[in-house]
Amino acid sequence: MRAPDGSMLRIDGSPAHVREACDASLQRLGVERIDLYCQHRVDKTVPIEETVGAMPSTRCCAGTPWPACATRRRRSGR
């Protein structure tokens, strides 16, 4: 999650935030659906299954095969 100035506030992997972020992306892009929606930073306080599990219920990934809703782990030091 970013502040208005672009600085990082915190990483939020909650299912509610996944849905909010998806809706915001849809609105910014002006589309009805996003075929591939990725999480780039993992919230270590939320089980990854909960975060990724929320993706298919959004309009970003609804009806899309599981691999299209993805998470990507970055190695430390990058």
Report task. Tell me, with the steps shown, if Val18 and Thr51 meet side chain to side chain contact (heavy atoms under 4.5 Å, CB included). Result -> CA-CA 7 Å; Val18 169; Thr51 302; 3.8 Å; yes
Requested in this report: List for me each residue that meets side chain to side chain contact (heavy atoms under 4.5 Å, CB included) alongside Ala24, sequence neighbours excluded, and say none if there are none.
Outcome: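 By the side chain to side chain contact (heavy atoms under 4.5 Å, CB included) rule, Ala24 matches Arg28.
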Query raised in the report: How far does SG of Cys22 sit from CZ of Arg33, to the nearest 0.5 angstrom?
Result: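 Taking SG in Cys22 and CZ in Arg33, the distance rounds to 10.5 Å.
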Query raised in the report: What are the two closest non-hydrogen atoms of Asp12 and His17, and how far apart are they?
Result: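 For Asp12 versus His17, the nearest heavy atoms are O-CD2, 3.0 Å.
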Report task. Considering non-hydrogen atoms only, spot the tightest contact between Arg19 and Ala54 and give its length. Result ->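 Distance-wise, the nearest heavy atoms are NH1-CB, 4.0 Å.
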